[in-house]
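Shown next, in structure tokens, is the structure this report addresses.
Note that the structure is a prediction, hence the values are computed from the model and not measured. Reminder, nothing fancy here: chain letters follow the sequence lines and each chain counts from 1.
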Amino acid sequence: MKALYADGTVKETEDELPVIRHTASHIMAQAVQRLYPGTKLAIGPAIDDGFYYDFDKEGGFSPEDLDAIEAEMKKIIKENLKLETYTLPRAEAIDYLRSRGEDYKVQLVEDLPEDAPISFYKQGEFVDLCAGPHALYTKAVKAFKLLSLAGAYWRGDEKNKMLSRIYGTAFESKEKLEAYLNMLEEAKKRDHRKLGKELGLFAIMEEGPGFPFFLPNGMVLKNTLIDYWRGLHTRENYYEISTPIILNQALWLRSGHWDHYKDNMYTTMIDDEVYCVKPMNCPGGMLVYKTEPRSYRDLPIRMGELGLVHRHEKSGTLHGLFRVRCFTQDDAHIFMRPDQVEQEIEGVVRLIDEVYSKFGFKYHVELSTRPEDSMGSDEDWENATNALINALTTMGLDYVVNEGDGAFYGPKIDFHLEDCLGRTWQCGTIQLDFQMPQRFELEYTGSDGEKHRPIMLHRVIFGSIERFIGILTEHYAGRFPVWLAPVQVRVLSVSEKSFDYASKVAAELKAAGIRMELDNSDNKIGYKIREAQLQKIPYMLVLGEKETADGTVVTVRTREGQDLGALKLEDFIAMVRQETADRV
RNA sequence: GCCGCCGUGGCUAAGGGGUAUAGCGAUGCCUUGGUAAGGCAUAGGUCGUGGGUUCGAUUCCCAUCGGCGGCUCCA
């Protein structure tokens, strides 16, 4: 497709989707200004899966407005306006925008570097400050749809005015747009909040917004993940500890949390003293380290803790299990000598990769650097950040830098996983910390007989078990692999003639340690299969007169709809146990 | 927290100024049926909560709580 660039040239573009979408956003802005004169424009870029435009309109928009805007956009496309581009000198550009009342655009120009060319795009009566490129005619936007309305702060700063953002998407063809809309529908079916309810995994009640309840099936998932986690950590020579949920405020003053994290902390009074509900496990870990004198020979000490932390998150940010107010971190604190830092970081990176690979997750890595509100010397921060970079480089891991997003006590490597819509959520993290050991005066005796200060690593693999379960649910669309499935087998009797045999088989499965359910209801077999299918149970055993007569076989149906035929019960049990043991 | 939308029996929804409707589910009875929904019947709702307007509110208005989509923030 040919595109019009801001220097006036027309070139073939490789990447036409962003061009189409950006042009669609201009058409939307034009439609909005036709329908609602006086609406001011902020920014309107193409994004990964569509486009948006931020508007400043008195009273905002209603969902019905979207239909009207869409209709007007279709008219503009039909008018097939030609796009033109031109540049203006800075002062002239500002005057022009001011004359049109485009205050936000004026600000944008004022913030451009002195020598930057200031380009405009024009289609019909509509003009917008824009770097392009754009389609040549409005007709190039063949397939689009407006999707949602949202508030968005001007320049993403909550101190600024809240603007009205309209999201939409556009594609090269109607077919691709349809395919995308279908994908959104499919994604809704995988949403862990929906599946969590349908499969009886968890519930979040009005009585505790952001505080999830785990239901029996979800609890099996959680415990199974924890079993797996414990096995790995034993193999990797971790100890496990558990520290209290509520600790005296003095501890949090000492750790720096009170100064840097109190907005997220819950407090309570005990015997007239302030206590805090822990938002992190590290201070407790510090105290455990100090319970004994430590030698350089003891290091590294890898101290794991499945800690339940509580954090006050703003109400609008809560999101199923992805964003909650209390969650279990599969935490660990590693106390090391300076010469052990890199090997320990690498060990954790490998462990995270092992776990994520096990589930077939795609992930990306971010390096988060020093935030504004933080503690410690520049030198410590630089050393810590370099240590993380070195480890990443040595391991050949690609990463993006997330400036200023580190913890208040140190920089971190973050591992992000995708949900069903491709949104990413931070799960694993490795944080290097020189501050806590100083604040808590941690020591070990070196080979020289002198006291030295250890360096500490905070790390999680799952991150939050709750969030991880949410991701897992969407990743598998609720069809958990056998080893994780809350119910692995459901025994279905065809009629009451096989009730006894079904009960006997169920008892044997249970005795073999298989998670099973027995359906001896008087429903028809088709109905029972449907129920088991909707619960996404991996194996269904269909037991009727044939199996009863034989007395040793079970007929196996998988949730994929596959009929494995008649198997000896003992062979079926061996198979399920093997799959469970192999965690496949 | 902010902007917009939403809140009807266990679930999914329809409705709308005159105390409400369906499907699924539940329960009971009939049916004993071989790979995704057998039939009949019954029960279940102070329409999120609190105010207001009105002869009358679930419906309109205000507040509040909760949810959804974003923004900000973050595991």
Side-chain angles (χ1 to χ4, degrees), chain A residues 52 54 57 59-66 147-167 188 191 193-194 197-198 204-210 261 263-264 279-280 309 311-331 368 371 402 405 407 412 414-417 421 423 425-429 431 458 460-468 470-471 492-499 521-534 540-547 555-559 561-563:
Chain A
Y52 67 80
D54 285 347
K57 172 179 177 287
F61 296 97
S62 72
E64 296 77 59
D65 293 338
L66 290 195
L147 297 173
S148 62
L149 271 168
Y153 299 107
W154 167 235
R155 300 205 151 154
D157 187 335
E158 64 181 324
K159 290 184 200 73
N160 289 340
K161 181 162 185 183
M162 176 73 67
L163 306 172
S164 300
R165 174 173 299 179
I166 301 178
Y167 281 96
K188 270 190 206 157
D191 190 312
R193 292 167 299 185
K194 182 174 157 69
K197 189 179 278 185
E198 289 171 357
I204 299 178
M205 326 257 187
E206 211 167 313
E207 289 81 354
Y261 208 73
D263 289 350
N264 289 293
M280 297 187 194
V309 299
R311 298 180 182 178
H312 180 72
E313 303 293 350
K314 291 178 183 172
S315 59
T317 65
L318 303 177
H319 186 106
L321 289 182
F322 286 163
R323 192 74 189 280
V324 290
R325 283 177 171 157
C326 79
F327 55 100
T328 310
Q329 288 186 308
D330 62 319
D331 213 345
S368 295
N402 200 348
D405 206 39
K412 53 186 188 148
D414 297 324
F415 294 76
H416 291 248
L417 295 176
L421 286 171
R423 296 177 291 206
W425 299 84
Q426 186 187 315
C427 290
T429 176
Q431 313 178 345
H458 310 239
V460 289
I461 310 278
F462 297 141
S464 126
I465 295 181
E466 288 74 6
R467 177 177 285 182
F468 201 80
I471 298 269
L492 315 175
S493 45
V494 174
S495 75
E496 61 185 29
K497 297 192 187 92
S498 47
F499 279 9
S521 65
D522 65 354
N523 291 309
K524 290 172 71 171
I525 190 63
Y527 187 89
K528 295 186 185 185
I529 286 171
R530 179 164 196 273
E531 295 262 283
Q533 186 70 40
L534 290 175
M540 297 161 223
L541 299 186
V542 178
L543 306 182
E545 292 183 70
K546 274 186 299 188
E547 292 79 5
T555 296
V556 184
R557 182 195 200 275
T558 70
R559 68 185 156 197
Q562 217 184 347
D563 185 357

**OP:** Measure across A/Asp263 and A/His312 and return the closest heavy-atom pair with its distance rounded to 0.1 Å.
**Re:**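 Closest pair (atom of A/Asp263, atom of A/His312, distance): O-CB, 4.0 Å.
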For [N] and [M], measure between their [atom1] atoms and round to the nearest Å.
N	M	atom1	result
B/U58	B/G51	P	11 Å
B/C68	B/U31	C1'	44 Å
B/A36	B/G28	C1'	26 Å
B/G69	B/C62	C1'	25 Å
B/C29	B/A43	C1'	14 Å
B/U72	B/C65	P	24 Å
B/G48	B/A14	P	14 Å
B/U49	B/G7	P	13 Å

Can you check whether [Y]'s main-chain N or O pairs, donor with acceptor, with [X]'s side chain at less than 3.5 Å?
X	Y	result
A/Glu531	A/Lys528	no
A/Asp405	A/Asn402	no
A/Lys57	A/Gly60	yes
A/Asp330	A/Ile461	yes
A/Arg467	A/Gln426	yes

Once you round it to whole Å, what is the distance between [atom2] of [N] and [atom1] of [X]?
X	N	atom1	atom2	result
A/Gln329	B/C74	CD	P	15 Å
A/His312	B/U72	NE2	P	18 Å
A/Glu198	B/G25	CD	C1'	13 Å
A/Asp65	B/G4	CG	C1'	11 Å
A/Glu158	B/U72	CD	C1'	5 Å
A/Arg323	B/C74	CZ	P	8 Å
A/Met280	B/A75	CE	P	7 Å

Should [N] form a Watson-Crick or G-U wobble pair with both distances under 3.5 Å, which nucleotide is its partner?
N	answer
B/G17	none
B/G4	B/C68
B/C73	none
B/A37	none
B/C11	B/G23
B/G45	none
B/A57	none

Original post:
Of A/Leu163 and A/Asn264, whose closest RNA chain B nucleotide lies nearer the 5' terminus?
Top reply: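 Whichever sits nearer the 5' end wins; that is A/Leu163.
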Original post:
In terms of the nearest nucleotide of RNA chain B, which residue is placed more toward the 5' end: A/Val460 or A/Glu531?
Top reply: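 It is A/Glu531, whose closest nucleotide lies nearer the 5' terminus.
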Applying a 4.0 Å non-hydrogen cut-off, can you work out what [X] is touching in the nucleic acid: base, sugar-phosphate, or nothing?
X	answer
A/Gln426	sugar-phosphate
A/Val309	nothing
A/Lys412	sugar-phosphate
A/Asp405	sugar-phosphate

**OP:** Tell me, please, which residues at least two apart from A/Asp191 pass salt bridge (Lys or Arg N to Asp or Glu O under 4.0 Å).
**Re:**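 Scan of A/Asp191 (salt bridge (Lys or Arg N to Asp or Glu O under 4.0 Å), adjacent residues dropped) gives A/Arg193.
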**OP:** Report the C-alpha distance between A/Asp54 and A/Arg165 in whole Å, list the side-chain angles of each, state the deciding distance to 0.1 Å, and finish with yes or no for salt bridge (charged side-chain N to carboxylate O under 4.0 Å, His left out).
**Re:** CA-CA 4 Å; A/Asp54 285 347; A/Arg165 174 173 299 179; 2.6 Å; yes
Original post:
May A/Trp425 be described as stacking on the base of B/A75, applying a 5.5 Å centroid limit and a 30° limit on plane angle?
Top reply: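 No, A/Trp425 does not stack on the base of B/A75, since the centre distance and plane angle fail the 5.5 Å and 30° test.
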Original post:
Within less than 4.0 Å of OP1 or OP2 of B/G25, is there a side-chain N or O belonging to A/Tyr527?
Top reply: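 Yes, such a contact exists.
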Original post:
Nearest 0.5 Å, what's the SG-CD1 distance between A/Cys427 and A/Ile465?
Top reply: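 Going from the SG atom of A/Cys427 to the CD1 atom of A/Ile465 covers 11.5 Å.
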Subject >> Distance (rounded to the nearest 0.5 Å) between A/Ser521 OG and A/Glu496 CD >> reply: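 Atom-to-atom, A/Ser521:OG and A/Glu496:CD are 11.5 Å apart.
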**OP:** Please name the residue in the list A/Ile529, A/Thr555, A/Thr558 that meets the side chain to side chain contact (heavy atoms under 4.5 Å, CB included) test with A/Met540.
**Re:**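 Only match with A/Met540 under side chain to side chain contact (heavy atoms under 4.5 Å, CB included): A/Ile529.
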Original post:
With the sugar-phosphate defined as primed atoms, P, OP1 and OP2, and the base as all remaining atoms, what B/S/- string results for nucleotides 60-70 of chain B, 5' to 3', for protein heavy atoms under 4.0 Å?
Top reply: -----SSSSBB
Subject >> Nucleotide-resolved protein contact map, nucleotides 30-35 of chain B, B/S/- at heavy-atom distance under 4.0 Å >> reply: -BBBBB
Original post:
Does the distance from a Lys or Arg side-chain N to an Asp or Glu carboxylate O, for A/Arg155 and A/Asp157, drop under 4.0 Å?
Top reply: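 Looking at A/Arg155 and A/Asp157, the cut-off is not met.
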